[in-house]
Amino acid sequence: MARRAYLLAHPVGHSLSPRMHGAGFRALGLDATYEGLDVLPERLGTVVAALARDPAFLGANVTTPHKRAVMAHVDDLTPAADAVGAVNTLVPKGGGLLGDNTDVAGFLAALDEAGYVQRGGHAVVLGAGGAANAVAYALSRRGVRTVVAARRAAAAEELVTRLGGGGTGAGAAVVAVGPTGLAVELPGAELLVNATTVGMVGGPAETAVPLDVDVGLLPEGALVHDLVYNPRITPLLAAAAARGLTAVDGLSMLVWQGAEAARLWTGLEPPVGAMRVAVEAQG
Ligand code: NAP
């Protein structure tokens, strides 16, 4: 029986995921497909329940605007999804559905691939949306003190409260700062992550640097990771590279979060190389 995987979104728009997972399934020799499903918010519960009953259902990714709402339609959550408050991956398990957030593991794998080694400094995360929650949680669990800066102070404070502020379980502290505090935190930051939509093609601030951050304030050897993957070289990454800092684009995390999802669905080691080639051909 051919197996089926999906991306649940609204609108489904243009996504690299079908191409990436299609290439992954082919490399694994699986008889499986992956397609985008445009799901109206009011239909989410019905669609998820129907998928859970389908014996051909292999698994799904979930994206805007369903990442939080879908939590009400799963039987169990991984600790990462629970802590972040968002699900991006559905996995059939024991007759029910497990909700995970593979952005957490995907972000950490991308950092490892870029050669990030914690040297005792802290991280600065720009933004307080879904991706920022996943990144701050991941870093905190790795023992990295994390400073979150967002254009709306209340959103950054909410993120800190969600993640437990002084430490997420066994994790390091996550704290929020405003625009003035951001400049103070940059000289001691060994990692800067853009988790806003600023710099994204077609977004409202395509040519901007998020929060007008000055990469000149970062120390030598700092790593700048932009989660935006279209374009691959954002204004922030261009400024980081011009300053001689290590610049990491969002394509790597995209591939690793997809690889983690594929691992959960198939139980097999994901063919990361084939998945990367597929998105690089488009990216
Ligand atoms: P989201 O939940 O909508 O959050 C977007 C964040 O960006 C919010 O904090 C928002 O602030 C902020 N923002 C928007 N415009 C801004 C501006 N002009 N100045 C400052 N802040 C601004 O989106 P998300 O899901 O977290 O995704 C964020 C980015 O990460 C997107 O570009 C997405 O493609 C990327 N991403 C990449 C990967 C990957 O695998 N590489 C994975 C996940 C996400 P407000 O709340 O004030 O609007």
Side-chain angles (χ1 to χ4, degrees), residues 7-10 13-17 19-21 61-70 80-81 84-89 100-111 113-114 124-138 148-160 162-163 176-179 182 192-213 224-237 247-262 270 272 275-276 278-280 282-283:
L7 171 66
L8 311 185
H10 179 67
H14 172 72
S15 166
L16 294 176
S17 293
R19 193 182 173 93
M20 175 171 72
H21 283 293
N61 289 128
V62 182
T63 191
T64 310
H66 303 312
K67 281 187 177 184
R68 184 178 293 276
V70 80
V84 170
V87 160
N88 79 338
T89 302
D100 193 8
N101 191 315
T102 64
D103 280 346
V104 174
F107 169 73
L108 290 176
L111 267 192
E113 185 181 60
V124 171
V125 176
L126 308 176
N133 269 273
V135 165
Y137 172 75
V148 176
R151 64 175 169 181
R152 290 183 301 114
E157 296 292 350
E158 267 170 42
L159 183 157
V160 168
R162 171 191 307 286
L163 296 184
V177 293
L182 177 57
L192 173 69
V193 182
N194 174 36
T196 74
T197 48
V198 175
M200 200 170 79
V201 163
E206 191 174 326
T207 57
V209 168
L211 302 178
D212 293 326
V213 77
V224 179
H225 188 173
D226 201 326
L227 303 195
V228 170
Y229 49 82
N230 186 17
R232 292 187 68 177
I233 308 297
T234 58
L236 174 67
L237 290 189
V248 180
D249 67 51
L251 218 58
S252 174
M253 175 176 165
L254 180 75
V255 171
W256 283 108
Q257 63 77 30
E260 288 304 322
V272 177
M275 294 170 77
R276 186 187 306 271
V279 293
E280 281 182 344
Q282 286 273 295

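Whatever order the structure lists them in is the order used to number ligands and atoms, beginning at 1.
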[atom]: which of [options] has the nearest heavy atom?
atom                    : options                       : value
atom 38 (C) of ligand 1 : Asn194, Leu227, Thr234        : Leu227
atom 43 (C) of ligand 1 : Asp103, Asn230, Val228        : Asp103
atom 7 (O) of ligand 1  : Leu211, Thr64, Thr196, Asp249 : Thr196

Item to check | Shortest protein heavy-atom distance from atom 44 (C) of ligand 1, along with the residue and atom involved | outcome: Ala131 CB, 3.6 Å
For ligand 1, which part of [X] has a heavy atom less than 4.0 Å away: the side chain, the backbone, both, or neither?
X      : answer
Leu254 : both
Ala155 : neither
Met253 : both

Next on the checklist: Under 4.0 Å from atom 48 (O) of ligand 1, can you find at least one protein heavy atom?
Outcome noted: yes
Item to check | Heavy-atom protein neighbour under 4.0 angstrom from atom 33 (C) of ligand 1 | outcome: no
Checklist entry - Strictly under 4.0 Å, does any heavy atom of Ala195 approach an atom of ligand 1? => result yes
Item to check | Ala128 to ligand 1, any heavy atom closer than 4.0 Å | outcome: yes
Checklist entry - What salt bridge (Lys or Arg N to Asp or Glu O under 4.0 Å) pairs are there with at least one residue in residues 252-262, not counting sequence neighbours? => result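 Listed once each, the pairs are Glu260-Arg263.
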List, one per line, each side-chain donor-acceptor pair under 3.5 Å for residues 196-212, sequence neighbours excluded.
from   : atom 1 : to     : atom 2 : distance (Å)
Thr196 : OG1    : Asn194 : OD1    : 2.7
Thr196 : OG1    : Val198 : N      : 3.0
Glu206 : OE1    : Gly202 : N      : 3.0

Checklist entry - Taking Leu227 as the fixed residue, which of Val248, Asp249, Val193, Thr234 is the one that meets the side chain to side chain contact (heavy atoms under 4.5 Å, CB included) rule? => result Val193
